[in-house]
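Computed over heavy atoms, backbone and side chain alike; hydrogens, waters and symmetry mates excluded.
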Amino acid sequence: MFLKSITRRDFMKGMMVGGVAAASAGVLTACGSSSSSSSSESSSSESSSSEESSSSEATETTVERQTITWSVIDGNAGNNNVGDYAEEIMQTIEDYVGHDLELTWVANDALTEKNSLYMATPKTMPMIMSWSGTVTGDVVSAAQNGAFVDLNDYVWDSEKYPNLSQMSKDVASNLEVNGSLIAVPRSRVLGRFGLSYRQDWAEKLGVELPGETAEATPDDVYDLLYAFTYGDPDGDGSDDTYGMEMIGDYTGSFDIIQTWFGCGNGWAEVDGQLVPVWMQDEYFEAVEYLKKLNDDGVIVPGWYERQSDSWENACKTGEAGVFIDTMDGGKRIWQYFEAGETRTPSVIDDSVAATMTLYGAVNGHTLATAGYNGYFTLSATTCDTEEKIEACLTVLDKLNDPDMLILTQYGLEGINWEYNDAGELVDLDTEDSALGGNYTGLNQLLCYLPSTEATTVDVETDKYSAAQTEAYNRNLDYAVVNPALSYTVNSSAYSENGATLDSEATTLRTQYICGELTLDEFKSSLDNLLTKGYQDIIDEVNDQYLANQ
């Protein structure tokens with residue numbers, strides 16, 4: 001659980017809470033979406049000598065100082081580590097880890113293309129490469145061709161890498177190709193996904209979901225969505241609200257809803273064999289429910305054309321009242337409601353702010369993560385010496401020390417935050433949102449090991465984090481895992497075109513939900529995936545699965 005207040009001593013002891021989960025992969029839908037690419041570079045300059053002294057005292061390195069090239073995911077349209085004190089923050093990081101960092105920021109929706117270009121010129125590949133999602137496709141092929149360092153030879157050394165060496169062996173097995181550990185995971189808790197909803201809207205309309213003594217059913221959720229759409233929850237007399245937030249290039253919400261009907265997570269065991277979920281009867285029951293949500297207009301209109309940069313916006317702006325994705329996403333919406341600049345009054349009592357309930361699982365099920373979301377590989381061609389390999393791993397390890405977790409997620413003490421008289425951390429960014437840009441994006445350098453989130457909870461947001469952690473813990477008993485994850489990584493057929501076929505299956509689902517395919521056309525098109533190579537994938541996965549029984 002998150003602590004009620006976090007003291008300076010707590011930070012120095014490096015306490016961490018248990019963690020967060022891996023996410024569903026984003027996809028392009030047939031109804032409409034687009035992608036864009038951008039990259040920028042972040043550089044550092046020198047800070048004061050006193051800071052250099054304190055940082056060098058905090059870290060001693062046994063290897064020569066290296067310049068580490070690193071491609072980093074950019075989720076902020078290039079606005080990473082910019083503005084006042086940005087260079088000072090980067091210099092502090094470099095002095096602490098004992099190496100210089102040359103960062104190239106790559107937009108998430110251009111990451112696959114950019115990384116493919118990197119791998120086409122091995123001699124200039126970044127030493128550390130960032131990846132989103134889980135290990136699939138081209139990454140496996142590249143690993144089989146020796147593109148990445150086998151980290152099994154290094155990361156389990158607890159003296160050199162006290163943080164990395166504590167990674168879960170089960171999660172590590174999902175990052176192994178032919179026995180080689182090809183990456184360091186960005187850890188997440190299994191119970192990260194679930195449902196959150198606008199509490200004041202539900203109270204006003206009398207449609208709150210059942211509490212701790214009962215489980216909500218899909219029908220309960222439908223009633224909630226319908227009331228939010230047609231019951232005028234904001235009381236303005238206009239037909240301008242909807243039940244559920246959704247975007248077109250990320251359909252993970254639908255994957256979560258499918259589990260409510262007993263559907264698996266990507267794959268499921270049926271009659272002793274592992275099969276993709278679209279071969280389950282429960283899948284079609286779930287998809288009919290999703291189609292009804294779309295047909296009845298309780299999902300935000302034009303959702304299939306909305307892009308990932310608008311995710312969470314429909315709930316934040318009062319257009320929608322239900323958010324089905326990560327519990328931390330629901331928490332961020334709640335925080336937005338209570339933020340000074342954007343404060344959203346409750347529809348019940350405008351003297352207080354609106355709130356979100358982080359509900360979690362429905363019908364006793366929710367989607368589990370893979371234990372990680374995204375990962376870092378070390379390039380074998382540019383990490384061509386023991387010194388370079390150890391330098392990269394030292395950087396990844398030390399960034400998980402308490403001082404670095406605070407710096408990369410909260411910024412500088414006395415500038416971005418301070419301790420109050422009780423020794424608790426308080427944000428100073430809230431009244432100057434531009435100031436927070438100096439550490440924006442730097443959390444993308446973190447692998448969150450040994451746990452997934454630092455206990456860097458400030459006084460003003462403590463209640464949100466406590467609710468988030470409670471939801472995580474509730475979800476653990478209901479989280480449906482992917483039983484085939486480690487097997488698809490080591491399936492050559494899946495590596496060849498599995499990701500493409502999975503994307504095609506997702507697109508077909510969207511087309512059916514949108515009314516572009518009949519049910520017979522939908523089922524026939526899914527069956528065709530078997531002849532396009534999915535039967536080979538199923539065979540290879542089950543050869544491994546049965547051998548492991």
Side-chain angles (χ1 to χ4, degrees), residues 23-35 75 108-109 192-198 201-202 209 216 218 220-230 233-234 239-261 263 283 286-334 336 356-362 366-367 503 505-517 522:
S24 307
V27 297
L28 296 177
T29 69
C31 296
S33 62
S34 63
S35 64
N108 191 42
D109 57 5
R192 190 185 184 198
F193 294 116
L195 180 148
S196 302
Y197 67 91
R198 182 88 178 253
W201 282 14
L209 296 182
D220 291 329
V221 175
Y222 176 85
D223 292 342
L224 181 75
L225 296 171
Y226 194 91
F228 282 5
T229 304
Y230 299 107
D234 58 5
D239 185 19
D240 58 359
T241 60
Y242 299 90
M244 176 179 161
E245 172 139 13
M246 191 66 198
I247 55 175
D249 58 355
Y250 168 73
T251 56
S253 302
F254 290 168
D255 297 333
I256 295 170
I257 291 173
Q258 286 174 184
T259 66
W260 303 350
F261 294 84
C263 191
Y283 173 83
V287 172
E288 289 301 324
Y289 178 85
L290 294 170
K291 182 169 174 56
K292 179 176 175 59
L293 298 184
N294 184 74
D295 292 347
D296 291 355
V298 300
I299 307 177
V300 290
W303 60 267
Y304 40 80
E305 295 178 342
R306 298 189 181 209
Q307 304 302 305
S308 57
D309 59 2
S310 67
W311 195 221
E312 302 178 8
N313 286 355
C315 283
K316 287 179 178 179
T317 60
E319 184 183 14
V322 172
F323 184 75
I324 303 176
D325 189 45
T326 64
M327 308 315 300
D328 44 298
K331 179 190 75 171
R332 285 190 295 273
I333 295 168
W334 182 7
Y336 180 87
M356 292 287 285
T357 290
L358 310 186
Y359 193 79
V362 171
T366 192
L367 197 74
S503 179
T506 300
T507 297
L508 291 170
R509 179 181 65 182
T510 298
Q511 289 176 322
Y512 177 66
I513 292 169
C514 293
E516 296 181 7
L517 295 175
F522 178 42

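The ring-ring contact (aromatic ring centres under 6.0 Å, His included) search around Tyr359 returns none, not counting sequence neighbours. Residues passing the side chain to side chain contact (heavy atoms under 4.5 Å, CB included) test with Ala202 are Tyr197, Val207, Glu208, Leu224, Phe228, sequence neighbours excluded. Looking at residues two or more places apart in sequence or on another chain, you find no salt bridge (charged side-chain N to carboxylate O under 4.0 Å, His left out) involving Asp223. Residues passing the side chain to side chain donor-acceptor pair (under 3.5 Å) test with Asn108: none are found, sequence neighbours excluded. Partners of Glu319 by salt bridge (charged side-chain N to carboxylate O under 4.0 Å, His left out), not counting sequence neighbours, listed by chain and number: Arg306. The side chain to side chain donor-acceptor pair (under 3.5 Å) check on Tyr230 picks up nothing, with sequence neighbours excluded.
Taken from SG in Cys315 to OH in Tyr242, the straight-line distance is 14.0 Å, to the nearest 0.5 Å. To the nearest 0.5 Å, atoms CD (Glu288) and CZ (Phe261) are separated by 10.0 Å. Atom OG1 of Thr506 is separated from atom CD of Gln511 by 11.0 Å, given to the nearest 0.5 angstrom. In this structure, CD1 in Ile257 is found 6.0 Å from CG in Leu293, a value given to the nearest 0.5 Å. In this structure, the separation between OG1 on Thr317 and CD1 on Ile333 is 10.0 Å, given to the nearest 0.5 Å. Interatomic distance, CG of Leu195 versus CG of Leu225, reported as 7.5 Å (0.5 Å rounding).
In this structure, Asp220 and Val362 have side chains that are not in contact, with every pair of non-hydrogen atoms separated by 4.5 Å or more. Between Asp325 and Trp311, some side-chain heavy-atom pair lies under the 4.5 Å cut-off. Under the 4.5 Å side-chain criterion, counting only non-hydrogen atoms from C-beta, Glu312 is not in contact with Tyr336. Counting heavy atoms from C-beta on, the side chains of Ile513 and Phe254 come closer than 4.5 Å. Between Val287 and Phe522 there is a side-chain heavy-atom pair separated by less than 4.5 Å. At a threshold of 4.5 Å between non-hydrogen side-chain atoms, the residues Leu290 and Tyr512 do not count as touching. For the pair Met244 and Val221, the minimum side-chain heavy-atom distance is 4.5 Å or more. At a threshold of 4.5 Å between non-hydrogen side-chain atoms, the residues Arg192 and Asp328 count as touching.
Just one of Thr366, Thr326, Thr251 meets the side chain to side chain contact (heavy atoms under 4.5 Å, CB included) condition when paired with Ile256; it is Thr366.
At least one donor-acceptor pair closer than 3.5 Å links the side chain of Glu245 to the backbone N or O of Ala314. With hydrogens and angles disregarded, no donor-acceptor distance shorter than 3.5 Å links the side chain of Ser310 to the backbone of Asn313.
In terms of heavy atoms, Ser196 sits closest to Gly330 at OG-CA, 3.7 Å. Ser253 approaches Met246 most closely through the heavy-atom pair CB-SD, 3.7 Å. Pro233 and Thr241 make their closest contact through CD-OG1, 3.3 Å (heavy atoms, listed as atom of the first residue, atom of the second, distance). The two residues Ala320 and Trp201 come nearest to each other via the heavy atoms C-CZ3, 3.7 Å.
A salt bridge is absent between Arg198 and Asp234; no separation between the charged side-chain nitrogens and carboxylate oxygens falls under 4.0 Å.
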